[in-house]
Number of protein chains: 2
Amino acid sequence: MEIQPKLDSASSIAAVERDTGISKDTLRVWERRYGFPVPERDASGDRLYPADQVEKLRLIRRLIDQGKRPAKIIGASSEALLAMIEVANTPRQAAAADTSMLQYVRLHRGAELAAALRQALLKQGLQRFAAETVAPLNEAIGEAWMRGEIDVPEEHLYTEQVQNVLRGAIGAHAGVGTRPRVLLTTFPDEEHVLGLLMVEATLVAEGACCLSLGTRTPLPDLRTAAIDGGFDVVGLSFSAAYPSRQAIDDLLQLRMTLPATIAIWAGGEAVKGKEKRLPGIRIVSSLADSVNALTEWRAAHLA
Amino acid sequence: MEIQPKLDSASSIAAVERDTGISKDTLRVWERRYGFPVPERDASGDRLYPADQVEKLRLIRRLIDQGKRPAKIIGASSEALLAMIEVANTPRQAAAADTSMLQYVRLHRGAELAAALRQALLKQGLQRFAAETVAPLNEAIGEAWMRGEIDVPEEHLYTEQVQNVLRGAIGAHAGVGTRPRVLLTTFPDEEHVLGLLMVEATLVAEGACCLSLGTRTPLPDLRTAAIDGGFDVVGLSFSAAYPSRQAIDDLLQLRMTLPATIAIWAGGEAVKGKEKRLPGIRIVSSLADSVNALTEWRAAHLA
DNA sequence: ATCCTTTTTTTGTCCAGGACAAAGACCATG
DNA sequence: CATGGTCTTTGTCCTGGACAAAAAAAGGAT
């Protein structure tokens, strides 16, 4: 006589794609090949994934991001998968990141995190704050994510607070009319914004005139904006998730479409050490190196 | 003897989906039903969309967003489509938005836009800045977008600068330990962040203790974060693009999963005027109304 | 051993063409 | 006018097959 409330209602294939980042095509082909997931069906034959299968898919996604192959892990139980994630507990120490801030993220202490970040900013100044606090923290968060110690909402919380602090500071430096004029953005498949903000903070602190278009700018629009806006440099940021191969192709294509007078700087994991394959593009290996790039540019272009 | 550089190289179906927002399935079914687009094929039979077809698809997408039906417009030429967009030139005036700021956006004048925004903030204070400058500007930008007067990079530029100013101001207000504690975010299909930031600015200025998770928080995570964090209110923001029907379903589901002691506030075009269908949820009709909601909550919960 | 090249396997994306339900347009009736 | 019912349009999902890019394994040379 109980009416079953649909609390953990099953998800459509579109919702699963959204929540796990695994495409519909891939979900169907996994079902065909490996026998998982095997969703239920609604009245009209559409797949309905129960919550526990979605949860397992999220675990699988993480392990694949760590380099595991689907065929090897997809048959394992959720418990076994969790164990595999924990085994990956990296031996290398969590960098030089401030562990108290990491704790705030883990415990959802947004207000305390914001306060700690602001204090660090005041103490270190914008440039050192970006290089010595945000960058290591970023790395530590990335590792904690891999290890499964933090989840979507913790990462959101972290990103929000860092953005608040960095953007506030960037605004306060508003340099106008200085050189070089740097246009910052990412390619359409890259949606991580923090790398971009860290570079903007670093360059603005050096007196460059930065303009960020945020993430995901289509290539033709980027070309137009760079030329019409009279920019000297276009800066692109790549996260570790960006396929190295595609980064190189995209950068070379951009190099062709932009006049040689506009420099291209690229930074992030995906392009690290690829100088040889990227003629005409300045690879920026770290935040500190972006300052070098700036100095070089000024030496070459400002009498 | 010329080597043809692939400047306007054709795009894969995945790239077209990314750039136009039209799904692969829809692209294929349009081709089948209406005879457009008809892409070329590569060596292995995969679709390759030339740049001009992609451009036309972007026009079509805009007109559909304005309420046109595919069958009626998909056969028209690019010129005819452009004319239709311009005909839609709304008669109603561009709200009370500052036209000089709008000009800065059109002309890619990022630095000037930032300066003007900061000046307005100083003059008006955070709350009036959000309600009287950002909100009308948002609307004006939305209309200009519909009319085809601005494009992707202009909107990116605008969003970036407003974020810089709003986030800086929000950070400066950092109220800790006050009540109510408000958790702000959007549902997984909503990615517009400005509405959220405007609410956060308004509430923070009233001394509420706000925490934003940014956009696209999965429902189970939202539930956990709200309960574990001891929040009094969960605030959701919806843009005009969010399907009204889905907004209602999602909100009702969230209402079921949250304890009655946690209030839900929802704002934005998609929920405007739906009070009747959303029992137990406070519809916030404007930024000013969010202050009302705050006052009501305090009257009811703080002795 | 280590490094580089070639073959084999794995894996994600794409294709065709059919089906269906939700949303929109249309129409008749209160 | 509004309101409810029918017809049309439209986007999403389905099956099952194919293929190329990436990864792994195997082979060979230094």
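Residue numbering restarts at 1 for every chain, and letters A, B, ... go by the order of the sequence lines. When reading the values below, keep in mind they use all heavy atoms of this one structure, side chains included, and skip hydrogens, waters and symmetry mates. The shown structure was predicted, so the numbers you read here are calculated from the model rather than taken from an experiment.
Comparing A71(B) and G67(A) by the nucleotide of DNA chain D whose heavy atom lies nearest to each, the residue mapping closer to the 5' end is A71(B). Between A43(B) and K24(A), the residue whose closest nucleotide on DNA chain D is further toward the 5' end is K24(A). If you find the closest nucleotide of DNA chain C to R41(B) and to S44(A), the one lying nearer the 5' end belongs to R41(B).
Between R61(B) atom CZ and dG11(D) atom C1' the separation is 12 Å, expressed in whole Å. Straight-line distance from the CG atom of D46(A) to the C1' atom of dA19(C): 10 Å, rounded to whole Å. As a whole-Å value, the separation of D42(A) CG from dA21(C) P is 9 Å. Put simply, CG on L27(A) is 17 Å from P on dG16(D), counting in whole angstrom units. Going from atom CD1 of I22(B) over to atom P of dT12(D) covers 11 Å, rounded to whole Å. Between the C1' atom of dT9(D) and the CZ atom of R32(B) lies a distance of 14 Å, rounded to the nearest Å. Here dA25(C) presents its P atom at 8 Å from NZ of K72(B), a figure rounded to the nearest Å. Remark: P of dC13(D) and CZ of R28(B) are 13 Å apart, rounded to the nearest angstrom.
D25(A) comes within contact range of at least one nucleobase, with a heavy-atom separation under 4.0 Å. Across all strands, R33(A) comes closer than 4.0 Å to base atoms (heavy-atom distances). Residue contacts for R47(A): at a heavy-atom cut-off of 4.0 Å it reaches the sugar-phosphate backbone alone, with no base atom in range.
Note on the helix from dA1(C)-dT30(D) to dG30(C)-dC1(D): terminal axis deviation equals 40°, with five pairs used at each end and the result rounded to 10°.
Side chain of V29(B), nearest nucleotide from dC13(D), dC14(C), dT12(D): dT12(D). Distances were taken from every side-chain heavy atom of T26(B) (C-beta onward) to each of dG12(C), dT12(D), dT11(C); the shortest belongs to dT12(D). In this structure, of dA22(D), dC14(D), dT11(C), it is dA22(D) that holds the atom nearest to the side chain of R245(A).
If you take NE2 on H156(A) and OG1 on T185(B), they are separated by 7.5 Å, rounding to the nearest 0.5 Å. For the atom pair CZ of F187(B) and CG of L254(B), the computed distance is 5.0 Å after rounding to the nearest 0.5 Å.
Of the charged side-chain nitrogens involved, at least one lies within less than 4.0 Å of a carboxylate oxygen, so that E269(A) and K272(A) count as a salt-bridged pair. At a threshold of 4.0 Å, the pair D151(B)-R62(B) counts as salt-bridged, since one of the basic side-chain nitrogens sits closer than that to a carboxylate oxygen.
For R69(B), no side-chain nitrogen or oxygen approaches OP1 or OP2 of dG11(D) to under 4.0 Å. For Y34(A), a side-chain nitrogen or oxygen approaches OP1 or OP2 of dT11(C) to under 4.0 Å. Close to dG12(C), at under 4.0 Å from its OP1 or OP2, lies no side-chain N or O of S23(A). The phosphate of dT12(D) (OP1 or OP2) has no side-chain N or O of S12(A) nearer than 4.0 angstrom.
Between S11(B) and V54(B), the shortest heavy-atom contact is OG-CG2, 4.2 Å. Closest non-hydrogen pair, L213(A) versus P153(B), comes out as CD2-O, 3.8 Å.
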